[in-house]
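Atoms within each ligand, like the ligands themselves, are counted from 1 in listed order. The first residue in the sequence is number 1, and the count goes up from there. Bear in mind the structure is a predicted one, so any value in this text is a computation, not a measurement. Heavy atoms only: backbone and side chains are in, while hydrogens, waters and symmetry mates are out.
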Amino acid sequence: MNKKALLLVLSLVSLSISAQIERIEPAFWWTGMKNPQLQLLVHGDSISKNQITINYPGVKLLKVNKVSNPNYLFVDLLIDARLAKAGKFNILFKQNGKIKATYSYELKSRRQNSAQRQGFSSSDVIYLLMPDRFANGDTSNDNIDSQPEKANRTIDYGRHGGDIKGIQDHLDYIKELGATAIWCTPVQENNHTKYTYHGYAISDFYKIDSRFGSNDEYAGFVTASHQKGLKVIMDMVSNHGGIGAWWMKDLPMKDWIHEWKEFTYTSHKASTLKDIHASNIDKKLFIDGWFDTTMPDMNQQNPYFWTYYIQNSIWWVEYANLDGIRMDTYPYNDRDAMAKWAKAITNEYPHFNIMGEAWLASPQDIAFWQKDASNPLKYNSQLPTVMDFITQKALTTCFDEHGKSWEELGMNRLYTIIANDYLYANVNNLLVFAENHDTQRYNYVLKGDLTKYKMAMSFLMTTRGIPQLYYGTEIGMTGNKDKGDGDIRHDFPGGWVGDSINAFTANGRTAAQNEYYSYMSKLLNWRKNKPVIHTGQLTHYIPENDIYVYFRYNNTENIMVIINNNLTDQTLKLDRYAESLKGKTKGTDVMSEKTFDITSPILLPKESVLILELK
Ligand code: CA
């Protein structure tokens with residue numbers, strides 16, 4: 001290209017986005033979406049002085065909404081699914097008939113079968129990781145001029161430099177482990193001075209944090225994951241934004257966020273949402289209080305913000321080709337707005353899955369938040385998957401308890417949880433886990449007891465629901481939350497050049513790490529191909545003598561799980577299980593590969609588990 005042509009191109013580029021328009025979001029959209037409506041947020045100095053015109057077949061300008069801040073316009077478009085072809089068109093900003101600015105807007109073609117994408121399900125095992133703490137694949141993005149917080153691995157609440165490239169470099173590790181889906185804690189931009197590594201104070205809903213990579217790198221990571229047969233779940237936060245958000249400097253309107261005369265924390269009292277006797281101030285404190293000083297509470301009742309947010313979620317699904325969403329602090333949002341959000345997404349993608357964090361104390365509290373739950377308030381959250389914090393809590397104590405059969409201790413805890421499953425609208429859509437980035441490390445809870453670990457993981461991988469692991473658990477990583485969150489979010493060994501241990505490879509792992517890894521990877525790779533575990537029926541038996549027995553079965557397979565929580569060897573008579581054994585005579589243990597004669601009593605070593613494939 002000669003110099004003259006280059007100058008011409010440059011001048012055309014500068015024309016396409018004038019200084020007056022600082023941003024238009026979403027920056028592009030797609031043709032053929034089920035919902036034909038799109039609302040563009042336009043931000044720019046005195047932008048509301050302009051009249052807007054659009055001339056493109058199939059795209060109709062429905063309404064231009066002015067709000068209290070003249071630097072914003074919210075532009076309603078109708079995109080006809082049949083008439084609007086993929087392509088670019090100009091949005092003209094005019095004053096007194098003169099064009100003041102032009103924005104070239106693009107409608108892209110959707111991927112084939114985009115609407116029919118399958119979300120994660122109980123056939124998956126989800127691997128949860130923190131991108132800053134997993135692997136540093138690109139040291140050139142550790143420190144970014146525009147980001148005030150720089151990398152410093154000596155601070156446990158600081159940024160350590162992990163990134164998207166680091167995850168992508170180790171997809172084979174995750175695949176070989178036997179996990180089938182990856183949930184990364186938020187990768188969207190967190191632009192403020194410190195404590196940004198966790199990602200939950202998002203400053204730009206449309207942008208991947210430069211220290212993790214670019215939007216394109218994130219989409220590329222999803223593509224690479226798909227090529228390995230791994231799904232990707234994006235962590236999103238709608239309850240709050242980040243104090244460094246671009247819109248905090250120039251709010252579209254006063255109620256874009258919840259502002260208080262004095263800084264006010266949320267009460268964390270989710271009970272107010274269902275409490276028919278609750279006072280308005282208690283409800284308001286829970287919903288409108290800030291989660292943290294760095295996290296402005298967003299107003300989901302503001303229709304402009306909420307449309308903006310719903311479109312943002314759909315934009316990421318479509319742009320990055322996601323397999324699922326994990327939504328943070330679910331009950332802290334406006335309840336009806338969340339139902340609208342989840343419905344809008346599952347309307348575009350009927351087979352998609354979304355999990356919401358409802359960290360509540362009882363199964364009925366958690367069940368309330370699942371789609372199609374029956375409750376006297378007639379509330380339907382539209383949220384397909386909820387997190388089973390009840391099982392998580394039980395797992396922290398049950399292997400240390402050895403009570404009598406009638407006491408709510410030991411294996412009876414697990415039995416009672418499963419016995420309460422009638423509360424849930426869909427038991428296959430319960431996320432089951434022993435730990436996550438906010439809880440004690442499970443290996444710390446178990447004091448490094450590998451025997452108990454095997455019992456717990458065997459339970460998680462064979463009970464109902466969608467199991468989730470937390471990175472490093474598979475090599476015995478530990479950490480004490482009482483020392484601060486940093487202690488449960490250590491760097492994965494081998495993720496940084498110069499690490500003394502590289503746990504990504506069998507040779508690099510210690511003997512102890514390999515014991516954990518081998519058990520987990522054998523268990524997960526077995527589960528991967530077992531529809532009977534994914535969707536089979538479950539029949540369980542009231543624990544006697546602290547031994548829990550249950551069966552997973554379908555038309556073709558029958559799996560018997562026996563957990564002996566006793567500190568001594570036990571002999572288990574099998575007559576009681578005749579209705580589930582259905583005349584089978586042999587069972588082969590998945591982990592030891594030993595075959596047992598099940599026509600006579602089985603000897604169970606102390607603290608042990610058997611996963612028997614019955615024949
Ligand atoms: Ca990096």
*Kindly indicate whether a cation-pi arrangement holds for Lys108 with Phe28, taking the cut-offs as under 6.0 Å to the six-membered ring centre and within 45° of the axis.*
yes

*Has Arg326 got its NZ or CZ under 6.0 Å from the middle of the six-membered ring of Tyr200, at an angle within 45 degrees of the ring axis?*
no

*With a 6.0 Å cut-off on ring centres, are Tyr197 and Tyr157 close enough?*
no

_Donor-acceptor contact present, side-chain His198 to main-chain Tyr195, <3.5 Å_ = yes

*Using a cut-off of strictly less than 3.0 Å, determine whether Asn136 has an N/O/S atom near the Ca ion (ligand 1).*
yes

_Taking 3.0 Å as the cut-off, does Ser140 contribute an N, O or S atom near the Ca ion (ligand 1), distance below it?_
no

_Partner set under side chain to side chain contact (heavy atoms under 4.5 Å, CB included) for Asp438, not counting sequence neighbours_ = Glu357, Trp359, Asn436, Arg489

*asked:* I'd like to know: is the Ca ion (ligand 1) within the 3.0 Å range of an N/O/S atom from Phe212, strictly under that distance?
replied: no

_Of all N/O/S atoms in Asp142, the name of the one nearest the Ca ion (ligand 1)_ = OD1

*Metal site angle (apex the Ca ion (ligand 1)), OD2 from Asp163 and O from Asp138, 10 degrees*: 80°

